[in-house]
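Note sheet for the following structure.
Per chain, numbering begins at 1; letters A, B, ... match sequence-line order. This one's a predicted model, so the numbers in the text were calculated from it and none came from an experiment.
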Protein chains: 2
Amino acid sequence: MASKERIARLKEETRINILDAALQIVKQEGWQALSLRKIADAIEYTAPIIYEYFANKEAILLELTRKGFLLLDRDLQQAKAEHRLPAKQLEAMWLAYWNFAFANKELYQVMFGVSTNCCCELVNQLPEAELPWDAFTPAIGELMHIEDLDSDVICTKYYTFWSVVHGLISINILGRDSSDDINRQVLRDAITGIIRSITP
Amino acid sequence: MASKERIARLKEETRINILDAALQIVKQEGWQALSLRKIADAIEYTAPIIYEYFANKEAILLELTRKGFLLLDRDLQQAKAEHRLPAKQLEAMWLAYWNFAFANKELYQVMFGVSTNCCCELVNQLPEAELPWDAFTPAIGELMHIEDLDSDVICTKYYTFWSVVHGLISINILGRDSSDDINRQVLRDAITGIIRSITP
DNA sequence: TAAATCATTTAACACTGTTAAGCAAATGTA
DNA sequence: TACATTTGCTTAACAGTGTTAAATGATTTA
């Protein structure tokens, strides 16, 4: 009876080992270098064993994406908790978003852009993908004095924010040449600009 | 003597055929589905012949990227030519940029984000990658009454513009279902916002 | 002890990019 | 015309990829 649990615990452990190995490879060599045999090597198994834990390679990336969103959400919540005014909260959160992307460059790439399936499919398979939305929109709503967080106005503002930040990150992640100073300048400029534009 | 030219012409033709076939495959099945054997099939040759014309697969993608930048530049110049006021020019150009990305979704993906090498390497190998900069900065400079087009101020503003537009495109290209209306709203909002912020 | 289940590996398939060897036709040279 | 050389192209092969099926050997069950 108890041995079942021990075995289940072991299985769970190698599942985690697979994800850890995958993330480590992604972080060290980039997501294009990730292969099942490389993962298997790292956990000292042969490749097909992975299919006992994941349906396919895509499922591993999806799981990494989930972990990424949870990690990102943790950072966002932390940044949010440090301020009371919604304007300050937004500023801190987008800065945290920015920092997360560069602290986890490859992971960020996996979260956006690598997976074949599109955003809508992603949200279906991965409720965690909506965590940023849940984190940001209350502050936007409070700032604009709008109760309905699903209204088009908030949606538009949220996408404007996200576009600026994600765009700047994308441009920088695929090859940083412009100085970090200019980037931070652009980021702060854009964010404070948007915040001011929606402050009554 | 003349036969040499005919042969050279034929070689140039199959070079173009390779690129055309590649672009067609990319447009129809996405860039992940592009394979050398598929290209070879399309031009009715076998795979190794491609290495007579391109160093490797990456070189084909690089050439497609060049074509993409030239096409984009054509659209930008056309949009620019339709207006005189720099503010109007910028608005029209970024709209043209946006339209280009969605009219050539897969090509846009190849241009940004697919290639392994980063932006700085890309500009080295591909001077055409700076065409958008050349197209936009004069209008920004005129609007801000700044002569030096390489100044940090213009650089910052250009990256702000680009981030917004590229970010919005990225988010949408990787499968957004949010209505086109909201997107255009975000785009116009952001662009006019930035333009207003730099209009004296 | 025999049967059945489980974890794991080996082998294989159909792909991928890429390189080397071979072949057959076109060309240059005597 | 006859031979040598170059050219254009293909076949074969290598190492790698994701993935599946079959085999193996240990562990649990009856």
Worksheet item: Cut-off 3.5 Å, side chains only: do A:N99 and A:D75 have a donor facing an acceptor?
Response: no
Here the distance between atom P of D:dT19 and atom CG of A:L34, to the nearest Å, is 11 Å
The ring pair (Phe, Tyr, Trp, His ring centres under 6.0 Å) partner of A:F69 among A:Y108, A:Y97, A:F112 is A:F112
From CD1 of A:I49 across to P of D:dA21 the rounded distance in Å is 16 Å
In whole angstroms, the gap separating P of C:dT5 from CD of A:E52 amounts to 16 Å
Atom CD of B:E44 and atom P of D:dG8 are separated, to the nearest Å, by 19 Å
Fill in: Side-chain donor/acceptor contact of A:R37 with base of D:dG16 under 3.5 Å
no
In whole angstroms, the gap separating P of C:dG17 from CD1 of B:I18 amounts to 13 Å
Discussion item. What's B:Y51 touching, base or sugar-phosphate or nothing? Going by heavy atoms closer than 4.0 Å.
Written reply: base
**Asked** Any ion pair linking A:K67 and A:E128 (charged N to carboxylate O, less than 4.0 Å)?
**Response** no
Per nearest nucleotide of DNA chain D, the residue lying toward the 5' end, A:A33 or A:A55, is A:A33
Tell me whether the side-chain N/O atoms of B:T46 come closer than 4.0 Å to OP1 or OP2 in D:dC9.
no
Of the candidates D:dT20, C:dT18, D:dT11, the side chain of B:L36 sits closest to C:dT18
Rounded to whole Å, the CZ-C1' distance (B:F54 to C:dG17) equals 16 Å
The residue among A:Y158, A:W162, A:F161 that forms ring pair (Phe, Tyr, Trp, His ring centres under 6.0 Å) with A:W133 is A:Y158
A:E58 atom CD is separated from D:dT17 atom P, nearest whole Å, by 17 Å
A:N56 atom CG is separated from D:dT17 atom P, nearest whole Å, by 17 Å
Looking only at D:dT17, D:dT11, C:dG17, the nucleotide nearest the A:K57 side chain is D:dT17
Can you confirm whether more than 12 heavy atoms, excluding those of B:Q28, are under 6.0 Å from its CD atom? yes
